[in-house]
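See below for the structure under consideration.
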Amino acid sequence: MIISNLRTFLRNPALDQIVHLVPPANPRARALRETALALLDLPFNDLVFQAQTVHRENFDPNRVQRSTLLSIKTGGCPEDCGYCPQSARHSAGVENEAMLPLDEVVRNAKAAKENGATRFCMGAAWRGPRARDLEPVLDMVREVKKLGLETCCTLGMLKDGQAEQLREAGLDYYNHNLDTAPEFYGEVITTRDYQDRLDTLERVREAGIHVCSGGIVGMGESREERAGLLAQLAALDPQPESVPINQLVQVEGTPLAGTEALPWAEFVRTIAAARILMPKSFVRLSAGRTQMHEAVQALCYLAGANSIFYGDKLLTTGNPDVARDDALFAALGLTAA
Ligand code: SAM
Ligand code: DTB
Ligand code: SF4
């Protein structure tokens with residue numbers, strides 16, 4: 001009760017300046033936070049121009065990398081992430097399913113490759129894998145890798161040794177999001193803390209796996225808090241190879257359903273600031289595209305997004321179908337990386 005009152009007190013916009021003075025633990029993130037906020041505060045055209053300039057210095061601006069997602073273990077998750085339809089604590093109507101068999105995963109990966117995806121990302125609704133959960137996933141990684149696809153997993157928190165096992169099986173990327181700024185985090189998730197996430201990212205990095213880490217915007221956070229998320233991501237050393245920026249997909253039955261929608265320009269600003277702060281990372285325009293107008297997606301590409309989730313499903317919710325994305329790529333002259 002005291003904590004929740006304190007949070008409400010600290011979230012009072014009039015106190016933003018004061019809250020803002022509370023330094024994040026990492027000095028690099030503290031400095032980057034000021035830079036991130038200054039970027040987000042720029043006039044839109046100045047920000048997008050700067051982002052496109054940085055983008056051109058580091059990438060072919062007309063090429064976009066495409067990853068396809070598959071939920072290999074859906075629902076029944078013990079964690080309480082306020083955005084997530086797969087939490088057993090919410091009532092979003094997502095059933096607790098068994099792990100998919102290997103042949104079904106391979107079938108989906110082949111289809112993804114035929115459609116033109118270069119990376120296949122397998123997600124599980126776990127707090128983290130138990131030893132016996134990891135074995136079948138290692139087989140999936142080996143088989144998907146054999147197809148000539150880049151492999152990615154998102155399985156929750158990893159314990160000592162698990163990242164090494166995944167690496168030996170042929171895992172190229174591990175997705176683990178910081179999700180939001182440290183000071184907003186407790187509003188969204190209580191069953192694991194920010195440091196747990198940083199620890200998993202450290203294990204992934206030390207095992208020699210590429211890091212995919214980003215977050216979600218539109219959860220009711222302030223612009224300062226979006227700057228805080230970007231600063232934490234940009235402070236990772238080295239910076240993540242992939243940075244998914246998700247727009248909250250509001251699912252009925254989750255605590256965050258009904259949150260006031262983020263204005264589209266604010267989403268584009270977040271992409272642009274991510275591009276400038278992490279010039280060599282693939283910035284992924286991630287969840288939320290189904291509800292997003294083509295023109296807004298085009299602005300995201302202009303602002304430096306160069307990766308998407310491709311295929312008509314994310315994990316449990318929809319994504320634009322392949323035909324809609326192919327039409328947008330054709331309209332913009334974009335090609336798959
Ligand atoms: N259970 C694992 C974990 O949380 O690390 C892996 C799967 S989890 C679904 C992967 C990520 O999906 C979350 O960290 C979150 O950033 C994103 N996500 C989940 N539900 C979402 C939603 N409704 N809208 C946007 N992003 C979402
Ligand atoms: C990420 O940043 N976004 C993806 C992926 N990493 C695993 C997941 C989005 C999930 C959206 C809600 C759903 O489909 O369940
Ligand atoms: Fe579980 Fe991951 Fe969903 Fe959180 S985001 S409830 S850990 S599946």
Side-chain angles (χ1 to χ4, degrees), residues 67-97 119-129 133 137 152-158 162 173-180 185 188-194 196-201 203-204 211-221 229 233 240 242-259 261-262 267 270 274 281-292 305 307-320:
S67 296
T68 292
L69 274 170
L70 178 68
S71 180
I72 58 166
K73 162 66 190 80
T74 303
C77 184
E79 302 292 280
D80 71 350
C81 313
Y83 47 76
C84 186
Q86 302 203 69
S87 168
R89 299 167 192 243
H90 314 327
S91 41
V94 174
E95 297 300 325
N96 183 1
E97 292 173 17
R119 191 179 307 165
F120 191 68
C121 181
M122 296 162 270
W126 292 325
R127 174 175 165 81
D133 295 325
V137 178
C152 176
C153 280
T154 181
L155 314 170
M157 294 189 280
L158 296 180
Q162 291 186 320
Y173 288 81
Y174 194 82
N175 165 249
H176 198 65
N177 290 338
L178 291 180
D179 275 351
T180 191
Y185 184 88
V188 181
I189 301 150
T190 69
T191 50
R192 69 174 76 162
D193 63 29
Y194 216 77
D196 291 328
R197 291 183 183 257
L198 292 167
D199 291 347
T200 289
L201 291 177
R203 292 193 167 111
V204 169
V211 170
C212 172
S213 188
I216 310 176
V217 296
M219 298 196 293
E221 76 286 341
L229 165 67
L233 293 168
S242 285
V243 179
I245 304 293
N246 297 274
Q247 164 113 285
L248 173 68
V249 178
Q250 299 203 9
V251 182
E252 211 54 55
T254 60
L256 289 182
T259 304
L262 188 74
F267 186 81
T270 310
S281 306
F282 280 82
V283 174
R284 185 173 308 128
L285 165 55
S286 301
R289 289 196 303 117
T290 305
Q291 296 77 17
M292 201 179 285
S307 170
I308 56 167
F309 286 122
Y310 185 63
D312 55 9
K313 207 166 170 203
L314 293 167
L315 292 172
T316 65
T317 66
N319 197 42

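Both counts, for ligands and for their atoms, begin at 1 and track the order of listing.
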Glu79 and ligand 1 - part of the residue with a heavy-atom distance under 4.0 Å: neither
Taking heavy atoms and a distance under 4.0 Å, where does Leu315 meet ligand 1: side chain, backbone, both or neither? side chain
Protein non-hydrogen atoms only, distance under 4.0 Å: does atom 4 (Fe) of ligand 3 have such a neighbour? yes
Measure Cys77 to ligand 1 on non-hydrogen atoms and call it side chain, backbone, both or neither using the 4.0 Å cut-off. neither
Evaluate Asn177 for polar contact with ligand 2, using N/O atom pairs at a separation under 3.5 Å. yes
Check contact between Thr154 and ligand 1, using heavy atoms of the residue and a distance below 4.0 angstrom. yes
Say whether Tyr83 and ligand 2 are in contact under the criterion: heavy-atom distance to a ligand atom below 4.0 Å. no
Sub-4.0 Å heavy-atom contact, Val249 with ligand 2: no
What protein heavy atom is closest to atom 1 (Fe) of ligand 3, reported as residue, atom name and distance in Å? Cys77 SG, 2.3 Å
Nearest protein heavy atom to atom 8 (C) of ligand 2, by residue and atom, and its distance? Leu315 CD1, 3.8 Å
Where is the nearest protein heavy atom to atom 15 (O) of ligand 2: which residue, which atom, and how far? Thr316 OG1, 2.7 Å
Would you kindly specify which portion of Val251 sits under 4.0 Å from ligand 2, judged on non-hydrogen atoms: side chain, backbone, both or neither? neither
Does any N/O atom on Thr154 come nearer than 3.5 Å to any N/O atom on ligand 2? no
So is Ser286 polar-close to ligand 2, meaning N/O to N/O under 3.5 Å? no
